[in-house]
Amino acid sequence: MTDTITDVPASATVVHPTVTVGQYLATRLVQLGADHVFGLPGDFNLSLLDQMTTVDGFTWVGSTNELNAAYAADGYARLKRGIGALVTTFGVGEMSAINGVAGSFSEDVPVVQITGMPSTVARAAGAHLHHTLIDGDYEHFVRAYREVTASATIVRAQSATRDIDSALMTALRESKPVYLAIPTDVAVAPVHAANLRTPLVGATSDAGELARFREGLRAVVTPSERVTLLVGPQVHRTSLEPVIRDIADHDGVYVASQNMAKAVLDESHPASLGTYMGAFTRIDEAREAVDGAELLVLAGTVMSDFLTGFFTQAFDEDAAIELGLTSARIADTTYYGVRLSDSLRALHEVLGESHRPAVTPVGHPPVLVADPPAPDAELDQDFFWDSIQGWLQPDTTVIADAGTSFYGALDLLLPDGCALLGQPVWSAIGYTVPATLGAAVADPSKRCVLFVGDGAAQLTIQELATILHRGYTPIVFLLNNGGYTVERMIQSPAAVYQDITPWDWTLIPAAFGARDLAVTVSASTQAELADALALAHATTERAVFIEVHLPERSSPRLLTILAAAAAAQNAKH
């Protein structure tokens, strides 16, 4: 069946009593806000794509490879604060994407990986088809995906609507990726459309457990004069930043963020402590406010090495109130089935029931502004990031790749309305170029500013072609320091494996057929950088690509400290 489904808002009646499996899945994605789907065609997903593209509101975003599609879907989901989706073909396509999906699992991003699979007849016969391992086993890849998703399902025609809805509900409930393999014959099979009258909704908290939690919270919060929140990335995933702002407006409250949730609260807010990274926290007073908190609340945190300053946090995690995605804990009591959205709102309510002295705003380090550029002075990381600090505008999506880019961006005091998108836990270099595509699609109202190293960009730069040809106008800073700077700082800086082949980066947009869609410039001196920044501000109708030449072993402040700690840790083990 190929009848078009039209207009399926929350209260609408589906036009046809039956739809195809592909149409059912696409409609569910549109209902959930994942109306842009990334990926590549392949012979085993063509029937599926033919069905999905008949659904009103569904938009296909073709990517340059499957790994990039996974990264783009991840960036889209983070900026949308919802689900992202990609479609690949069987075997070669899904295996290319699995690294990106693993990163989504690591960082709690709900991405739906949809694979077009050979027919049920071919699978039952164990046919030796292309894109298989020629052993008759068609479940190698679903088994692989079970390791990096919250659910992995081969959809059957007789249970297709249940299979799809269950997977999507799992993604919503657990904020993790899920996998759906849809055989070619199942993609076009008719199914009942009645379920589509009711869009899927996220899981709700257990009412009894929530009431018990609220009472337990009241007992510890009411007598406390100071309450400090350490906010982690799961707050972003569940779109709870407005609740954090409401909590921060109460007297007696401080709010710090982990680096994967930087600027979850505007850093100019009086309650903001900025970014907390254990011993590497830039502001001593902020670190003390967390480590020595009278009452510490961990809200959606992830206690990994890069987010805790290599486990140098000094607070007692067991003594803190812990608010997780699906449960909450106060001391030795765990409240199962209490979701983060409800536990944070309960905290907001309880804080409003009693009065506390106002907090004294913690002084941030002075906002660094670069010295006036010297005409022929060489650029270094310090001058570059000081210049960016004075140049960056409010309401910008700042995207920074793993390494020098991310840890340089962490030291910025972000203007109000800015968000920082990075991947510090999975830390896959090259993630951010396709993630910029996802971010731009998800929120075109904010201009993207991307910082990416030359080594990272060589993995995924081809997705810039998609970005430019779709009309997006990011500002891209290509930090060219001749190789893998982070690795040089950790060990063997002169080793041959730290080098990469040199590219003429300023020709990249032209090579992608986008010469007229982007302005390109190269900066090797302080004066050239100042000119490039002025050009970027003045250019709004086209993308701007700035190659920034930096010394091979120049490093931003925070990365220098962290790399030394990593080197010491490696030496121990």
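Atoms considered below: every heavy atom in the structure, side chains included; atoms not considered: hydrogens, waters and symmetry mates.
In this structure, E487 has no side chain to side chain donor-acceptor pair (under 3.5 Å) partners at least two apart in sequence or on a different chain. For W60, the ring pair (Phe, Tyr, Trp, His ring centres under 6.0 Å) test picks out no residue, with sequence neighbours left out. Every residue two or more places apart in sequence or in another chain was checked for a side-chain contact (heavy atoms from CB on, under 4.5 Å) with A125, and none qualifies. Applying the side chain to side chain donor-acceptor pair (under 3.5 Å) rule to T485 yields the partners N481; only residues at least two apart in sequence or on another chain are considered. Every side-chain contact (heavy atoms from CB on, under 4.5 Å) that L40 has, sequence neighbours left out, goes to S63, E66. The side chain to side chain donor-acceptor pair (under 3.5 Å) search around R78 returns D74, E107, Y431, not counting sequence neighbours. Under the rule for a ring pair (Phe, Tyr, Trp, His ring centres under 6.0 Å), F545 has no partner lying at least two apart in sequence or in another chain. Remark: V486 engages I490, L559 in a side-chain contact (heavy atoms from CB on, under 4.5 Å) (not counting sequence neighbours). Partners of N195 by side-chain contact (heavy atoms from CB on, under 4.5 Å), not counting sequence neighbours, listed by chain and number: Y24, R28, T161, D165. Applying the side chain to side chain donor-acceptor pair (under 3.5 Å) criterion to Y76, with sequence neighbours excluded, gives D35.
Considering all non-hydrogen atoms of both residues, V188 and T20 come closest at O-CG2, 3.7 Å. Across every non-hydrogen atom of L172 and R339, the tightest pair is O-NH2, 3.9 Å. Nearest approach of V338 to S343, heavy atoms of both residues: CG1-CB, 3.9 Å. Of all heavy-atom pairs between L517 and L468, the closest is CD1-O, 3.4 Å. Smallest separation of non-hydrogen atoms from G22 and M52: O-CG, 3.4 Å. Between S405 and L479 the shortest heavy-atom distance is OG-CD1, 3.5 Å.
With S205 contributing its side chain and A207 its backbone, the two residues share no donor-acceptor pair below 3.5 Å. Judged purely by atom type and a 3.5 angstrom limit, T396 uses its side chain to pair as donor or acceptor with the backbone of Q393. In terms of modelled atom types and a separation under 3.5 Å, the side chain of Q258 and the main chain of V302 share a donor-acceptor contact. When atom types are taken as modelled, the side chain of T27 and the backbone of Q23 share a donor-acceptor pair closer than 3.5 angstrom. With hydrogens and angles disregarded, no donor-acceptor distance shorter than 3.5 Å links the side chain of D401 to the backbone of A457. With K446 contributing its side chain and A439 its backbone, the two residues share no donor-acceptor pair below 3.5 Å. Checked by atom type and distance alone, the side chain of E463 never pairs as donor or acceptor with a backbone atom of T460 at under 3.5 Å. Q51 contributes no side-chain N or O that, together with a main-chain N or O of A187, makes up a donor-acceptor pair within less than 3.5 Å. With hydrogens and angles disregarded, a donor-acceptor distance shorter than 3.5 Å links the side chain of R237 to the backbone of D108. Using modelled atom types, one side-chain atom of T53 and one backbone atom of L49 make a donor-acceptor pair closer than 3.5 Å.
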Open item on the list: Please determine whether side-chain contact (heavy atoms from CB on, under 4.5 Å) holds for the pair T149 and V111, giving the CA-CA distance in whole Å, both sets of side-chain angles, and the decisive distance to 0.1 Å.
Closed with: CA-CA 9 Å; T149 59; V111 166; over 6 Å; no
- [ ] Check step by step if side-chain hydrogen bond (donor to acceptor under 3.5 Å, both in side chains) holds for Q113 and T88.
- [x] CA-CA 8 Å; Q113 152 62 331; T88 68; 3.2 Å; yes
Open item on the list: Please evaluate residues L265 and S257 with respect to the criterion side-chain contact (heavy atoms from CB on, under 4.5 Å), reporting the C-alpha separation (whole Å), side-chain torsions for both, the decisive distance (0.1 Å), and the verdict.
Closed with: CA-CA 8 Å; L265 175 70; S257 66; over 6 Å; no
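Annotation: side chain of V55 is not in contact with side chain of V19 (no heavy-atom distance under 4.5 Å). Contact check for I508 versus W503: side-chain heavy atoms found under the 4.5 Å cut-off. The closest side-chain heavy-atom distance from Y336 to D206 is not below 4.5 Å. Side-chain contact check for L344 versus I244: some heavy-atom pair is nearer than 4.5 Å. No side-chain heavy atom of T59 sits under 4.5 Å from any side-chain heavy atom of V37. A 4.5 Å side-chain heavy-atom check between F406 and T432 finds every atom pair outside the cut-off. Taking 4.5 Å as the limit, every side-chain heavy atom of T301 sits out of range of all side-chain heavy atoms of L307. Annotation: side chain of V21 is in contact with side chain of I164 (closest heavy-atom distance under 4.5 Å).
For the atom pair CD1 (I475) and CZ (F451), the distance works out to 8.5 Å, reported to the nearest 0.5 Å. Atom NE2 of H469 and atom CG of L464 lie 9.0 Å apart (nearest 0.5 Å). The CD atom of Q31 sits 12.0 Å away from the CZ atom of R197 when rounded to the nearest 0.5 Å. Within the model, atoms CG of L340 and OG1 of T238 stand 4.5 Å from one another, a figure rounded to the nearest 0.5 Å. Taking CG of D135 as the reference point, atom NE2 of H128 lies at 7.0 Å (rounded to 0.5 Å). L325 contributes atom CG, which lies 9.5 Å from atom CD of E174 (distance to the nearest 0.5 angstrom).
A ring-centre distance under 6.0 Å is found for F44 and H130.
For the residue pair T473 and E541, no side-chain donor N or O sits within less than 3.5 Å of a side-chain acceptor on the partner. In this model, a donor atom of one side chain and an acceptor atom of the other lie less than 3.5 Å apart for T64 and N68.
Within a 6.0 Å radius of CZ in R470, other residues, nucleotides and ligands contribute more than 12 heavy atoms.
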Name the atoms and distances for all side-chain donor-acceptor pairs under 3.5 Å in residues 117-124, with sequence neighbours left out.
residue: S119; atom: OG; partner: A122; partner atom: N; Å: 3.1
residue: T120; atom: OG1; partner: D185; partner atom: OD2; Å: 2.5

Donor-acceptor contacts, no H, no angles, side chain residues 92-99, under 3.5 Å, sequence neighbours left out:
residue: E94; atom: OE1; partner: T115; partner atom: OG1; Å: 3.2
residue: E94; atom: OE1; partner: Y179; partner atom: OH; Å: 2.6
residue: E94; atom: OE2; partner: G91; partner atom: N; Å: 2.8
residue: S96; atom: OG; partner: L67; partner atom: N; Å: 3.4
residue: N99; atom: OD1; partner: W426; partner atom: NE1; Å: 3.1
residue: N99; atom: ND2; partner: Y71; partner atom: OH; Å: 3.0

